[in-house]
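So the structure is just underneath, and the comments pick up after that.
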Amino acid sequence: MRLTPQNIIKALGKKGSGQVPPNNLYITNDSRKVKENSLFVAMNGKKTNGKKFIKQAIQKGASAIISNEKLNLGKKIWVLNHKDPQTAYGKLANTARKEWDGNVIGITGSIGKSTIKDLTAAALGTNEDVAASPYSFNNEIGLPYSILNAKGTEKYMVLEMGAKNPGDINYLKKIAEPNCAIYSFICNSHAEYLGGIQGVIKEKGSLVSGWKEDKSLVISSKNNHHREISKLSSGAKIIKWGPGEQIDSEEIKLDKYGIPSFKIKHKNKTYKVNLSLPGSFQVGNSLAALSAAINFNVDLNNAITRIEKVKPLPHRKEIHEIRNNGILLDDCYNAGAKSTKESIRWASSISVKRPKVMILGDILETGNNEIKMHKEIGKIIKDNQYSQLLTVGNLAKHALKESGIDGSHYQKTDDLLNDLKKYDFSAKVILVKGSRSIRLEKITKKIREIFST
């Protein structure tokens, strides 16, 4: 969405120096995205310094710059000085949101947010109807980026909202001002920073705290944590999916890759659904997305047709065939205790008679019980009769020891990468799972190179 210079001045309380552009401005913090009539927000990130790219941004057509340093860029460039460009970015995103009169749907929870985000966006309409967070852009930079990169002509905006520290959700809430919330599964993800499971519930629940009847909330009828969160809303319209609710599933069947097909019942009608996403838990994710469609009176048949086309995101339950009828299950984008257990069982359910191998990286940010949790993972791997376990990091070794099965431990991903050729993965089912920072995508890429069909 573009903003007028007048709206920018009002949002930031600053007139700036240099020539104020006559046209509405496209706003971005990514110099690679700059085009004519852009406002480039020069942020200091953990890995990059936005001020280094100001010259490049101007060369590409930027006519305005936000920086925390006073700059002399000539009279033709509008310069707005702000002590915290990241805060300024959020204020501009909120201004754009206020200028837009569509529905904002906030997706939060612990695991499955990105998938529910994609399913909800599809359920609500086409790309012309719906703007959505790209990838997993769900933090204090990613969410404003998602808003400011919308065209502004859509009917809906589906925004993923993540939290690592207390107050993160409330900050994003103030920027996005959602009028509908959908919750994914709640667990101990980021519990280390949020204060255990009750801290997670409090933080995630802050999205709907104080909501009244003009807003809506989509939850699972079976999830106790969802019910706790719903009590914080003080009167929002609550839409439940699951047994005994307005929308539920039945006759769930899984194909050879664990991709579900099922039937939905709604208002005495039955609908068939054939997903493209593997995992029986995707049935619940789909019900959450379709509940949003029902809430906004979107035709259910059309919504189902669109969600059936949603494919896995990169490194999220991607299925690759490898040599001699083997299968690589690339689920290494991130990991929590529950999602890891689900993936272990998913791989087991589709292995048939093939040996199963798991490559497990550390599962991080899970609180004080991290060693116990890794031991539980090891027991589940053993119970599901995996033949081999390779582990990476400081914690995953506890899973290997507990499993008691054949395997090896590596301190770093690159150590395993250098050793990978000594393992024969052909004719086997290989599951790769671990937290984002372990970077196991290096492993899945190499396996595909070595064991390609």
Side-chain angles (χ1 to χ4, degrees), residues 111-112 114-115 135-136 254-260 275-282 310-336 339-363 377-378 380-382 384-393 396 399-400 403 405-410 412-453:
I111 57 174
S114 296
T115 303
Y135 309 107
S136 293
L254 303 176
D255 73 3
K256 66 177 183 177
Y257 294 123
I259 297 174
L275 294 181
S276 301
L277 297 167
S280 58
F281 50 87
Q282 301 293 5
V310 175
K311 303 286 186 181
L313 290 164
H315 309 298
R316 299 191 186 200
K317 293 187 169 54
E318 285 191 297
I319 300 169
H320 303 286
E321 293 183 354
I322 56 176
R323 194 181 303 160
N324 297 336
N325 199 34
I327 301 174
L328 169 64
L329 303 176
D330 181 352
D331 197 22
C332 69
Y333 182 83
N334 213 341
S339 66
T340 302
K341 293 172 185 177
E342 287 175 340
S343 293
I344 291 166
R345 295 182 181 112
W346 165 51
S348 187
S349 71
I350 67 175
S351 62
V352 193
K353 295 182 179 180
R354 288 169 289 201
K356 299 183 294 293
V357 176
M358 183 167 189
I359 299 174
L360 174 69
D362 284 354
I363 304 170
I377 295 295
I380 291 170
I381 292 169
K382 178 183 178 181
N384 279 267
Q385 299 179 337
Y386 280 68
S387 61
Q388 191 174 37
L389 174 60
L390 306 178
T391 54
V392 181
L400 175 59
S403 73
I405 63 176
D406 177 50
S408 298
H409 178 71
Y410 296 86
K412 297 179 181 179
T413 299
D414 285 345
D415 295 338
L416 172 55
L417 195 67
N418 294 332
D419 227 8
L420 207 57
K421 287 186 178 179
K422 84 176 196 179
Y423 297 104
D424 183 9
F425 294 140
S426 60
K428 298 175 182 177
V429 173
I430 317 299
L431 171 63
V432 185
K433 185 77 172 171
S435 283
R436 186 78 194 97
S437 60
I438 307 300
R439 300 292 305 277
L440 290 179
E441 67 272 12
K442 294 180 181 180
I443 303 299
T444 60
K445 180 181 178 182
K446 194 67 175 180
I447 290 174
R448 292 179 67 188
E449 289 174 1
I450 298 172
F451 297 96
S452 61
T453 54

Would you compute the distance between atom [atom1] of [X] and atom [atom2] of [Y] and round it to the nearest 0.5 angstrom?
X	Y	atom1	atom2	answer
I359	Q388	CD1	CD	8.5 Å
D330	I443	CG	CD1	11.0 Å
Q385	S351	CD	OG	9.0 Å
E318	D331	CD	CG	9.5 Å
N334	S437	CG	OG	8.0 Å
L416	L440	CG	CG	8.0 Å

Legend entry - Residues D415 and K412 bridged, charged N to O under 4.0 Å: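 Salt bridge flag = no for K412 with D415.
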Inset, instruction - Report yes or no: does S343 contribute a side-chain atom to a donor-acceptor pair with the main-chain N or O of S339 at less than 3.5 Å? - result: yes
Inset, instruction - Please answer whether the main-chain N or O of Y257 pairs with a side-chain N or O of W346 as donor and acceptor at a distance below 3.5 Å. - result: yes
Is atom [atom1] of [X] surrounded by more than 12 heavy atoms (other residues, nucleotides or ligands) closer than 6.0 Å?
X	atom1	result
R448	CZ	no
K446	NZ	no
K382	NZ	no

Kindly give the heavy-atom pair with the smallest separation between [X] and [Y], and that separation in Å.
X	Y	result
S114	S136	OG-OG, 2.7 Å
T391	A396	CG2-O, 3.4 Å
S452	R323	O-NE, 4.1 Å
C332	T444	SG-CG2, 4.2 Å
I363	L360	CD1-CD1, 4.4 Å
I447	I430	CD1-CG2, 4.2 Å

Heavy-atom distance under 4.5 Å between the side chains of [X] and [Y], does that happen here?
X	Y	result
D362	S435	no
P278	I319	yes
K256	I350	no
I327	R354	yes
S426	I322	no
K442	D414	yes
Y333	L313	no
S348	K356	yes

Inset, instruction - Please step through side chain to side chain contact (heavy atoms under 4.5 Å, CB included) for the pair L277 and K317, ending with a clear verdict. - result: CA-CA 8 Å; L277 297 167; K317 293 187 169 54; over 6 Å; no
Inset, instruction - Walk me through it: do L390 and D419 pass the test side chain to side chain contact (heavy atoms under 4.5 Å, CB included)? - result: CA-CA 11 Å; L390 306 178; D419 227 8; over 6 Å; no
Legend entry - From CA spacing to verdict: side chain to side chain contact (heavy atoms under 4.5 Å, CB included), K341, I377: CA-CA 7 Å; K341 293 172 185 177; I377 295 295; 3.7 Å; yes
Inset, instruction - For R316 and T115, test the side chains for any donor-to-acceptor distance below 3.5 angstrom and give the result as yes or no. - result: no
Inset, instruction - Determine, stepwise, if the pair E441 / R436 fulfils side chain to side chain contact (heavy atoms under 4.5 Å, CB included). - result: CA-CA 9 Å; E441 67 272 12; R436 186 78 194 97; 3.1 Å; yes
Inset, instruction - Give me the ring orientation class for Y410 and Y423: parallel if the planes are under 30° apart, tilted from 30 to 60°, perpendicular past 60°. - result: perpendicular
